Structures are given as structure tokens and as C-alpha cells.
> 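Sharing a structure with you now.
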There are 2 protein chains.
Amino acid sequence: MKNRDAHTEGPDLAALAALLADGTRAAFCLALLDGRAWTATELARHAGVAASTATEHLNRLVAGGLLAEERQGRHRYVRLADPATAELIENLASLAPRRPAPPGSLPAVNRSRALARARTCYDHLAGALGVAITESMTRRGLLDWEHGLTLTADGTAWLAELGVALPPTTRRPAVRSCLDWTERRPHLAGAVGAALCAHAFDSGWITRIGTGRAVAPTAAGRQALRERLGLSDEFCTPGS
Amino acid sequence: MKNRDAHTEGPDLAALAALLADGTRAAFCLALLDGRAWTATELARHAGVAASTATEHLNRLVAGGLLAEERQGRHRYVRLADPATAELIENLASLAPRRPAPPGSLPAVNRSRALARARTCYDHLAGALGVAITESMTRRGLLDWEHGLTLTADGTAWLAELGVALPPTTRRPAVRSCLDWTERRPHLAGAVGAALCAHAFDSGWITRIGTGRAVAPTAAGRQALRERLGLSDEFCTPGS
DNA sequence: GGGACACTTCGACGTTCGCCGAAGTGTCGC
DNA sequence: GCGACACTTCGGCGAACGTCGAAGTGTCCC
């Protein structure tokens with residue numbers, strides 16, 4: 001009989017990691033990083049598996065606490081359970097090895113490029129656009145990284161001037177650095193990152209591309225980003 | 001043939017999670033969160049597996065990039081690859097379900113209590129002591145959480161007065177919040193958290209308990225923590 | 001030089017898991 | 001009320017994985 005010190009009370013790391021240690025379940029979680037709710041059938045199609053397979057995987061992810069579900073008639077909607085879960089998926093994604101592009105698939109390459117340009121990372125902006133916004137805010141003194149990441153007084157005023165509504169003080173950090181796994185540089189997350197992203201959608205600055213989590217700035221958005229943050233059009237044009 | 005949108009270019013989340021989705025490999029990684037290097041035999045004993053099993057698991061963890069290895073004679077030492085890996089394990093541990101204590105095992109309960117009181121969390125202090133230090137620094141205006149976690153000017157001066165050497169500006173965040181999985185409240189991580197922990201060891205304020213990652217303050221440490229941070233003795237006494 | 005120690009390799013074994021199709025249930029819309 | 005749709009349940013199948021012991025290799029110390 002083994003004497004297993006390792007299995008005393010503590011976090012069951014293996015149980016949590018096992019939830020994500022499967023290509024289909026991982027694909028579901030990455031898809032849900034767009035912040036929206038998907039139906040079981042949508043996720044099955046996205047991952048290329050049978051509906052029965054999708055049901056079984058979703059049951060495990062919900063039971064394990066990573067997803068939350070909601071029934072509407074004959075549809076089963078699921079979403080990531082909470083921001084902490086999204087942050088975990090983001091962290092894992094930033095450290096995970098990259099899967100190479102399948103050779104010769106132009107649609108797939110275009111999708112990857114669109115994701116790299118601009119996407120939602122659960123509830124904030126990511127991709128080259130998200131990183132550019134973060135760097136511009138830093139240059140303009142709205143964010144300060146020197147003694148930890150903080151929103152400066154200028155930053156608070158700037159958000160108020162934009163009409164960005166921050167939620168009342170919560171347990172959630174106001175600003176958080178999120179390592180962008182396509183750009184390999186940080187973009188802004190946390191409550192401020194989420195509020196800025198919501199504002200960008202609400203103001204019609206950005207719009208979704210297709211059904212994925214890629215987004216693109218609109219003409220009004222390009223103008224606003226140029227005026228408010230001095231971003232050049234390179235971050236704002238559709239790629240070729 | 002399936003049409004798997006999900007398997008286009010992107011992070012291979014499942015491959016990374018699979019590295020940790022096993023009780024033995026998870027136990028290795030949690031043990032290595034003490035920040036030290038362990039030999040293969042020590043890890044095998046800790047996890048209660050045969051040496052051959054340990055070798056095979058370590059090979060996978062090294063190949064997967066989570067561990068780094070070093071040979072010294074007939075000993076194979078391994079450690080966590082870098083702070084980013086440690087942070088990932090910490091994040092997973094804080095969200096993982098808790099494994100209940102085995103019934104009636106007094107040694108195991110004592111080990112859990114010791115870990116909850118004070119331990120190293122890779123390179124910074126965790127447990128009730130780590131959380132208390134963080135809360136006291138916040139009360140005294142050395143840390144500010146309101147617009148993102150930042151070390152204040154008072155905090156920088158305080159560290160200088162203590163003789164805590166901060167590394168030159170690096171890519172690593174100066175301060176980072178780490179959710180303590182025993183206390184369920186945040187403790188201080190990042191470069192400042194690491195420097196404070198190193199100072200506590202160097203100054204003889206804390207000492208390791210046995211071979212695990214539990215630590216305990218010394219008499220000198222208790223006095224220093226009382227004088228410098230106003231911590232009461234409840235955080236500093238060995239449990240009963 | 002030889003014995004002990006730390007670790008590795010590999011084949012065998014048992015278990016677990018992902019997948020699917022078929023049959024079923026619950027919901028909607030005509 | 002019935003057909004279509006979304007989803008679920010379950011048994012079967014094949015693959016993958018963790019474990020170990022035995023045999024082996026490399027290192028140390030007497």
C-alpha cells in the first residue's frame with residue numbers, strides 16, 4: 001500500500017486540468033472566450049463532433065464548474081462560468097504550445113489573421129488592436145506600470161470624459177494585465193478593460209466578424225480611436 | 001471526415017492541460033511550488049509511485065516545458081521552469097476543487113494546518129502569514145488596490161528602509177495579486193513579493209518546517225513583523 | 001574493482017476515456 | 001396532432017495512458 005503524502009488535503013489540480021485535457025472540451029472553452037453563450041449544437045459543429053459527444057463533454061464541464069448553463073425551450077445555452085474561469089483559460093492559452101496552421105487552408109489562415117488583428121478575450125479587447133490601445137494608454141499617461149499596473153488620475157478622467165461607465169467597487173481588480181497569446185504582449189483586462197470593451201461595442205466603434213470572436217473597428221470606431229488615442233490606421237484596416 | 005474549425009491554428013490548450021491532468025504529475029508540480037529543486041527519487045516517494053513511473057512523468061513535464069532539469073552525478077534535479085509556470089500552477093490551484101482530508105490522519109491534518117499558516121508559494125509568502133502581511137501593508141498605505149494594485153511611494157521607501165533589494169526593472173510585474181487557495185484571500189506576489197520573501201529568509205525571520213513548503217517565523221521574525229507591520233502574535237505562533 | 005545507489009528503458013497489463021449510432025425525450029411551429 | 005428540431009441516454013468499440021517489475025546504465029564510495 002502506498003504512502004501517498006501527495007494526496008493529503010489540498011487542491012485537486014489534476015481534476016481541474018483533466019477538464020481541459022481534451023481537444024473537444026478545450027475547443028469549447030476557447031470558443032466561449034468570445035464572452036457569449038453558445039448552444040450545444042453550435043459547439044458540436046464548431047468542434048466537429050456528434051451531438052451526443054458534445055452533450056457528454058458539456059455535462060462534465062458544467063459539473064466541474066467551468067461552464068454555466070441555461071435552458072430556453074429546446075436549446076441548451078452554455079457560457080464560461082465567471083471571469084475567473086475566463087482568466088484561467090486565457091492564462092493557459094498564453095502558455096500553451098501553438099498548433100501550426102494546417103497547410104494550404106486559406107479560410108483557416110484568414111480566420112487566424114482576423115483573430116490576431118482584433119478579438120474579444122472574454123470581456124475585453126485583445127489582438128493587435130487590444131495591445132495597441134493598451135500601449136497608447138500607457139504612452140499618454142492613462143496607465144502606469146512602474147509600481148504595478150494602475151489606472152492613473154488622468155486615466156480615470158479620460159474614461160469619464162469618454163462616458164465609460166465603471167462598475168462600483170467590486171472584488172474584481174480594476175486593471176489587470178492579460179498576456180495576449182497572438183501578440184505575446186500584454187493587453188488591458190480587469191473591470192476597466194471590460195468597461196472599455198463594452199463601451200466600444202455600445203458606441204458602435206467595433207463590430208463582430210461572423211460568428212467567432214474576431215471583431216473589427218467600424219469607420220466611426222477608426223475615427224474615435226485616432227482622435228482619442230492617436231492610433232494609426234494600421235490597427236484599423238482589414239488585412240489583405 | 002470532420003470539418004473541425006476548432007482545430008485551426010491557435011493555442012493547444014488540451015496539450016498543456018493534459019500535462020497536469022494526472023494525479024502524480026499534479027503532485028509533482030504542487031510540491032515544486034515550494035520553489036526548490038527536488039530529485040526524482042524524492043518526488044517519487046512524495047507521490048508514492050515507483051521510480052520508473054516518476055521518470056516517465058518527469059520526462060513528459062520537462063518535454064512539455066513546465067519543468068527544467070539539472071543533472072548532478074547520479075541525481076536528477078528538477079524545478080519549475082519559470083515564474084510564469086509557477087503562476088499558472090497557483091492559478092489552477094486556487095480554482096481547483098479541494099480534496100477532503102483523509103479521515104483520522106493526524107499527521108496529514110497537521111501538515112495541512114502548517115501549510116495554511118505559512119508557506120512559500122513558489123517565491124513569495126502565502127498562507128495566513130502571507131495574507132496578513134499583505135493586509136497590513138495595505139492598511140499602512142504601502143500597497144494601494146483602488147486603481148489597480150500598486151506599490152505606493154511609502155511602500156518603496158519602506159522596502160528601502162528594510163533593506164529589501166528589488167531587482168532592476170524587468171518584464172516581471174512589480175506587484176501581483178495571488179489568490180491564496182487556503183485563505184481564499186489575496187497575498188502579494190510579483191517581484192516585490194519575491195524580494196520580501198527572500199529578505200525574510202536572508203534575515204532569519206522565517207525558516208522552513210521539515211522538507212515541505214511550510215515555513216514558520218522565528219523569534220526574531222515575530223519581533224520584526226510586530227515592529228515593522230504590527231502583526232499580532234496569532235500569525236506567528238505554531239499551531240496547537 | 002566491486003557493491004550500492006539513482007535513475008532509465010521497455011514490455012505487459014489493466015483502466016479510463018472519447019467517440020459514435022441508435023433509440024429516446026422534450027420543445028416548437030404549422 | 002404531427003413532424004421537425006435540439007438534445008439526451010447508453011452500450012459498444014478502439015485508443016490512450018498510468019503503472020510496475022525486471023533488466024540495464026551511469027555515478028559514487030569504500
Side-chain angles (χ1 to χ4, degrees), chain A residues 1-4 6-7 12-32 37-64 66-79 211, chain B residues 1-7 12-29 31-32 37-64 66-79 211:
Chain A
M1 179 63 68
K2 297 164 190 167
N3 175 23
R4 284 184 159 217
H7 294 191
D12 195 346
L13 196 58
L16 178 57
L19 285 177
L20 297 167
D22 171 72
T24 299
R25 290 196 297 277
F28 287 0
C29 291
L30 286 170
L32 290 165
W38 291 50
T39 65
T41 300
E42 287 169 337
L43 287 169
R45 211 173 280 138
H46 174 76
V49 296
S52 51
T53 304
T55 292
E56 282 151 354
H57 285 306
L58 288 177
N59 288 344
R60 281 188 62 178
L61 288 168
V62 170
L66 292 186
L67 302 189
E69 68 178 323
E70 175 183 356
R71 306 277 178 155
Q72 282 190 7
R74 60 195 181 194
H75 293 289
R76 178 187 194 185
Y77 285 95
V78 291
R79 61 175 70 244
T211 58
Chain B
M1 182 63 70
K2 298 163 188 168
N3 175 22
R4 285 186 158 216
D5 287 343
H7 294 190
D12 195 346
L13 198 58
L16 179 58
L19 285 177
L20 297 166
D22 171 70
T24 299
R25 292 195 296 278
F28 287 1
C29 291
L32 290 165
W38 291 50
T39 65
T41 300
E42 287 169 337
L43 287 169
R45 212 174 280 139
H46 173 78
V49 295
S52 50
T53 303
T55 292
E56 283 150 353
H57 284 307
L58 287 177
N59 287 344
R60 280 188 64 178
L61 289 168
V62 170
L66 292 185
L67 302 188
E69 71 178 321
E70 176 185 355
R71 307 278 180 152
Q72 283 189 7
R74 59 192 179 194
H75 292 289
R76 177 189 195 184
Y77 285 94
V78 291
R79 62 174 72 242
T211 58

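Below, each value reflects all heavy atoms present in this structure, side chains not excepted, and no hydrogens, waters or symmetry copies. Predicted model only: the values in this text are computed from it and were never measured. Below, chains carry the letters A, B, ... as their sequence lines are ordered, and counting in each starts from 1.
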> Nearest of C:dG18, C:dC20, D:dT19 to any side-chain atom of B:Asp22?
D:dT19

> Per the atom types in the model, does the base of D:dC17 pair as donor or acceptor with the side chain of B:Glu56 at under 3.5 Å?
no

> Figure out the CZ/P separation between A:Arg60 and C:dC19, and round it to whole Å.
11 Å

> Enter the distance from B:Leu66:CG to B:Leu16:CG here, rounded to the nearest 0.5 Å.
6.0 Å

> For C:dC19, take OP1 and OP2 only and decide whether either is under 4.0 Å from a side-chain N or O of A:His57.
yes

> Counting only side-chain N and O atoms of A:Thr53, is one of them less than 4.0 Å from OP1 or OP2 of C:dC19?
no

> Can you measure B:Glu70 atom CD to D:dT27 atom P for me and round it to whole angstrom units?
15 Å

> Using atom NE2 of A:His46 as one end and atom P of D:dA6 as the other, report the distance to the nearest whole Å.
18 Å

> Using modelled atom types only, decide if a donor and an acceptor are shared between the side chain of A:Arg25 and the backbone of A:Leu19 within a distance under 3.5 Å.
yes

> Which heavy atom in B:Arg79 sits nearest to a heavy atom in B:Ala37, and how many Å separate them?
NH2-CB, 3.7 Å

> In whole angstrom, what separates B:Tyr77's OH from D:dT27's P?
15 Å

> Provide, to the nearest angstrom, the distance between the CH2 atom belonging to A:Trp38 and the P atom belonging to D:dA6.
16 Å

> Do any side-chain nitrogens or oxygens of A:Thr55 fall under 4.0 Å of OP1 or OP2 in D:dT9?
no

> Taking the side chain as C-beta and beyond, is there a heavy-atom pair between B:His57 and B:Asp22 under 4.5 Å?
yes

> Taking only side-chain N and O atoms of B:Arg74, does any of them lie within less than 4.0 angstrom of OP1 or OP2 on C:dT8?
no

> Can you check whether B:Arg71 has a side-chain N or O nearer than 4.0 Å to OP1 or OP2 of C:dA6?
no

> A:Arg76 pairs by salt bridge (Lys or Arg N to Asp or Glu O under 4.0 Å) with which of A:Glu42, A:Glu70, A:Glu69?
A:Glu69

> In whole Å, I'd like the distance from the CG atom of B:Asn59 to the P atom of D:dC17.
15 Å

> Can you tell me the distance, in whole Å, between the CZ atom of B:Phe28 and the P atom of D:dG18?
12 Å

> OP1 or OP2 of C:dT8 less than 4.0 angstrom from a side-chain nitrogen or oxygen of B:Arg76, does that happen here?
yes

> Does a nitrogen or oxygen in the side chain of A:Ser52 sit under 4.0 Å from OP1 or OP2 of D:dT8?
no

> Given C:dA6, is OP1 or OP2 found less than 4.0 Å from the side-chain N or O atoms of B:Thr39?
no

> Where the side chain of A:His75 is defined as all heavy atoms beyond and including C-beta, which of C:dA6, D:dC17, D:dA6 is the nearest nucleotide?
D:dA6

> Nearest-nucleotide wise, let me know which of B:Glu42 and A:Arg25 is further upstream toward the 5' end of DNA chain C.
B:Glu42

